[in-house]
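Before any comments, here is the structure.
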There are 2 protein chains.
Amino acid sequence: MRNRLGFQRFSSPCATWLRPLIGCLLWFSMFAMAADPPLALVIHGGAGTILKENMTEAGEKAYRDSLQQALEHGMRLLQEGKDSVEVVAAVIVLMEDSPLYNAGKGSVLTHQGTFSLDASIMTGHDLQAGCVAGVATVKNPILLARAVLDHSPHVFLSGSGAEAFAASVGLETVDPQWFRTERRVREWQKARAKEAPAATSVKPKKFGTVGVVALDRKGNLCAGTSTGGITNKKFGRIGDSPIIGAGTYADNQTCGVSATGQGEYFIRAHVAADIAARIGYRGDSLQQAADAVIQTKLTEMGGSGGVIVLDRQGEAAFSFNTAGMYRGYYRAGEKPLVAIYRENEPQP
Amino acid sequence: MRNRLGFQRFSSPCATWLRPLIGCLLWFSMFAMAADPPLALVIHGGAGTILKENMTEAGEKAYRDSLQQALEHGMRLLQEGKDSVEVVAAVIVLMEDSPLYNAGKGSVLTHQGTFSLDASIMTGHDLQAGCVAGVATVKNPILLARAVLDHSPHVFLSGSGAEAFAASVGLETVDPQWFRTERRVREWQKARAKEAPAATSVKPKKFGTVGVVALDRKGNLCAGTSTGGITNKKFGRIGDSPIIGAGTYADNQTCGVSATGQGEYFIRAHVAADIAARIGYRGDSLQQAADAVIQTKLTEMGGSGGVIVLDRQGEAAFSFNTAGMYRGYYRAGEKPLVAIYRENEPQP
C-alpha cells in the first residue's frame, strides 16, 4: 500500500526512468531485511521469592545495572557479527564473574562447604552441545562447556575428569576460594543450622542460576546456562543446568531455552526440550509453550522456577511461577528491557 | 453384536431370570478386563554391529538364554503383582550381574583402566526419577538409581558423592575389580593401542548397555537403563544412560523408553523424551515415533544405536539403525520373543 502510494508521486513522464530504479532499491532493501535476521538476546539471573519489599534500593540497582550491562555487551558482540555461541559464552562469563549471581564467583556452597559448578551450552543449527558438572577449579564453567562442545568427542564431562580436560585445553583455573562470597557462606551456615538430620531440603527459595539465549546474524540460536547449584547440596548432586533438554536446549527449528529453578523438577519434567517439542509438534506459540510447562506442568508437580525462550524471529517469551526473575530482553533496534518483579514495571 | 446374539439364545420364558445374571457376568468380565491392563515388558542388552557370521553358536545361545531368562523373571514378578519399578530394577540386576552385557559385571574400562558406571530409572505415573553417574564400587548401579528415586531429595547423584549415598542407604558395595572381565580388558587394550594421540573416538561398534521397560497390574510404566559407558572413555564422561529424556524416559500418558547407542548423539537428540513428545503431541504411533527419531533424526546426525518402547496398552516398538540389537518382548498370555539380528528371525 505504501509502495503504491510512493509510486503515484512519480506520475510525470520525466520520472519513468526512476520507477525501475526505485523498484530495484525497494526490492534490495526487502532482500537485505530478509537476509539479516533480527539480532536478539534474552538473559536471566535466576528466579525465586524476589520481592520489592525485601530489596534495598542499592541492591535492586546493582542487579538492574548488571543485567543492562550484560544485554549491552551481548548486543555489541552480535552487531560486530559474532556467532551466537561466542556471544552466549561471553555474556555468561560476565555474569559468572559477578558476585551477584549463583554461578562462577558468588556460587553457593555444598553441604561440605565446597563448590561444585555445572554449566552447558547448545547450538541450534547443528544440535551440538557441551556440558560439565561438578567442577571446582575452573574459573568460568561456561568456557569449559564451550571447550567440550568445540574440542571433545564427548558431550558431558564431570568432576576431576572435566577439570583435567580443562587443563588440557588451557582454560584458566582458580583456587576454589575464588568462588567464595560472604553472602553465600552465611546462606550455607543458615541452611546447615536448620538442616533436618536425615535429609537436606531441595526447596530453597532463590535460584541464582544464569542463562542466555542469543540469535546471531546468520540466524543461528544458541542457549547456555551456568550455576553453582543449590545451597547445601550433597552426594555429588547434579541439577538441570548441565543437562540438555532440562536446563538448556537450542534448535533453530523451534527455539532456544535456558531454565532456572529447582533442578530436580526441571530434570523430571525435561522442561527445556518439552517447550521446544510443544512449539515444534503442536504449533504452540513461545508463550503458550513456556506457560504450559512452567505454569501448569511444573506447578502441578510442585516445582518452582522459570525459563527464558527465544526463537529465530527474535521473539522472546518469559515464564516463571516465582515472585520474581532477574531477566532481560534486547532486540536490535529496540530498547533493552530489564525486569525483576512480576508486576508494576515494564515487562519484557 | 456378540452380546445380542448371546441374549437371543435365551428366548424361552423360563430363562428370563438368566438374562440379568448373564448381563451382570458379561459386564463384570468387561470391567475385569478394563481393570487389568496387560502385563508386559521389553528389554534390550545393547545394539551394534552384531552379525550372525561373527557369532559362535554357543555365544548366540548364551545371549538368547540370558534374554529369555530376564523376560521370564520379569513376567513372573509382574504376575505376582509387583510394581513396575521393582520389576525393572530386578530384571536389570539380573543383566548387570551377567558378564555378557556392558553393565555391572562385564562393564567396559575407562581410559585409565578403571570403571565408571551410570544408571537411571523413571516411573511413569508420577514422573519420579533416580539417576547416578560415575560410580565404581556399587555392585548394582540400578539399585542405587532406585534408592535415589526412593530416598533422596535429589534426582541425579554422581561420583564419590553417589557412593557415599549408596553407603548411607546400605547398598552392597564391591571392589571395582568385581566388574572386570577378560573380554573387556582385551577390548580396552585394543582401543588404547589404536588411539589417536589427540582424542579418543566415540564411534565404538557395540553398545552393551541394558534397559527394561515394564507395565504392571496397576497400569503403571517404568523404564530403566544401566551401562558401563564406552570403552576408553575419558575425563569423567557421562553418556545418555543416566539422563532423563536422553537414555531413559517414562510417562504413563505416552510411553516408557530405554535407549542404547552412542550416548553423545542420544543426549543431543534427547532421544527418549523426543519419542514420547511425538506420541503425545503429534499422535504418532509408537513405531512411527521410534523410527522418526532413530532411523531419520539420529541417522542424519551420524549417530547409531536403538531404543525399546512400551505403552500402557502393552504395545511395544523396537527401532535400531545398527546391524543388531539384543532384545526381547513378553506380553502376558503370549509367547516371549527374543531376537538379535535385523532379519531372518521372528521379530518382536
Side-chain angles (χ1 to χ4, degrees), chain A residues 110-111 116 122 126-129 131-134 148 151-166 168 198-203 230 233-240 242-246 249 263-265 267-270 272-274 276-278 280-282 284 297 301, chain B residues 110-112 116 122 126-129 131-134 148 151-166 168 198-203 230 233-240 242-246 249 263-265 267-270 272-274 276-278 280-282 284 301:
Chain A
T110 69
H111 183 75
S116 180
M122 183 169 191
D126 57 3
L127 305 181
Q128 289 285 355
C131 315
V132 293
V148 171
H151 305 302
S152 172
H154 300 319
V155 163
F156 196 171
L157 304 184
S158 65
S160 58
E163 292 180 344
F165 176 77
S168 79
T200 59
S201 165
V202 286
K203 299 257 183 193
I230 54 172
K233 66 185 177 182
K234 260 182 171 174
F235 300 132
R237 178 257 191 192
I238 298 176
D240 63 314
I243 296 181
I244 295 307
Y249 190 71
E264 280 68 17
Y265 292 89
I267 291 173
R268 292 167 47 205
H270 65 106
D274 193 17
R278 285 165 193 260
Y281 299 144
R282 290 211 314 199
D284 281 16
K297 182 178 175 186
M301 286 170 74
Chain B
T110 70
H111 183 75
Q112 290 79 17
S116 179
M122 182 169 191
D126 57 3
L127 306 180
Q128 289 285 355
C131 315
V132 293
V148 171
H151 305 301
S152 172
H154 299 319
V155 163
F156 195 170
L157 304 184
S158 65
S160 58
E163 292 179 344
F165 175 77
S168 80
T200 60
S201 164
V202 285
K203 299 257 185 192
I230 54 172
K233 64 184 177 182
K234 259 182 171 174
F235 300 133
R237 177 256 191 192
I238 297 176
D240 64 313
I243 297 180
I244 295 306
Y249 190 71
E264 281 67 18
Y265 292 88
I267 292 174
R268 292 168 48 206
H270 64 106
D274 193 17
R278 285 165 193 259
Y281 299 144
R282 290 211 315 200
D284 281 15
M301 287 171 75

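First the proteins, then the strands, lettered A, B, ... as listed; each starts at 1. The basis for the numbers below is simple: all heavy atoms, side chains too, and nothing from hydrogens, waters or symmetry mates.
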Seminar exercise, completed: Scanning both residues in full, the closest heavy-atom pair of B:Glu264 with A:Pro153 reads CG-O, 3.4 Å
Exercise. Rounded to the nearest 0.5 Å, how far does CD1 of A:Ile267 lie from CE of B:Met122?
Worked result: 10.5 Å
For this session: Select one option (side chain, backbone, both, neither) describing which atoms of B:Ile238 are under 4.5 Å from chain A's heavy atoms.
Result: both
For this session: Determine the minimum heavy-atom distance between A:Gly236 and B:Ser158, stating which atoms define it.
Result: O-OG, 2.7 Å
Seminar exercise, completed: dist B:Leu127:CG -> A:Tyr265:OH (nearest 0.5 Å) comes out at 12.0 Å
For this session: Please confirm whether the backbone N or O of B:Asp126 pairs with a side-chain atom of A:Arg268, one donor and one acceptor, at under 3.5 Å?
Result: yes
Problem set entry | Under 4.5 Å from a heavy atom of chain B, the part of A:Ile243 involved | side chain
Problem set entry | Portion of B:Gln128 that has a non-hydrogen atom of chain A nearer than 4.5 angstrom | both
Problem set entry | Any side-chain heavy-atom pair of A:Phe235 and B:Val132 under 4.5 Å | no
Exercise. Taking the side chain as C-beta and beyond, is there a heavy-atom pair between A:Phe165 and B:Lys234 under 4.5 Å?
Worked result: no
Problem set entry | Spatial distance of atom CG (A:Asp274) from atom CG (B:Asp274) [nearest 0.5 Å] | 10.5 Å
For this session: State, with a plain yes or no, whether a side-chain heavy atom of A:Arg237 is found less than 4.5 Å away from one of B:Phe156.
Result: no
For this session: Side chain from CB out, backbone as N, CA, C, O: work out which of these in B:Asp284 comes under 4.5 Å of a heavy atom of chain A, or both, or neither.
Result: neither
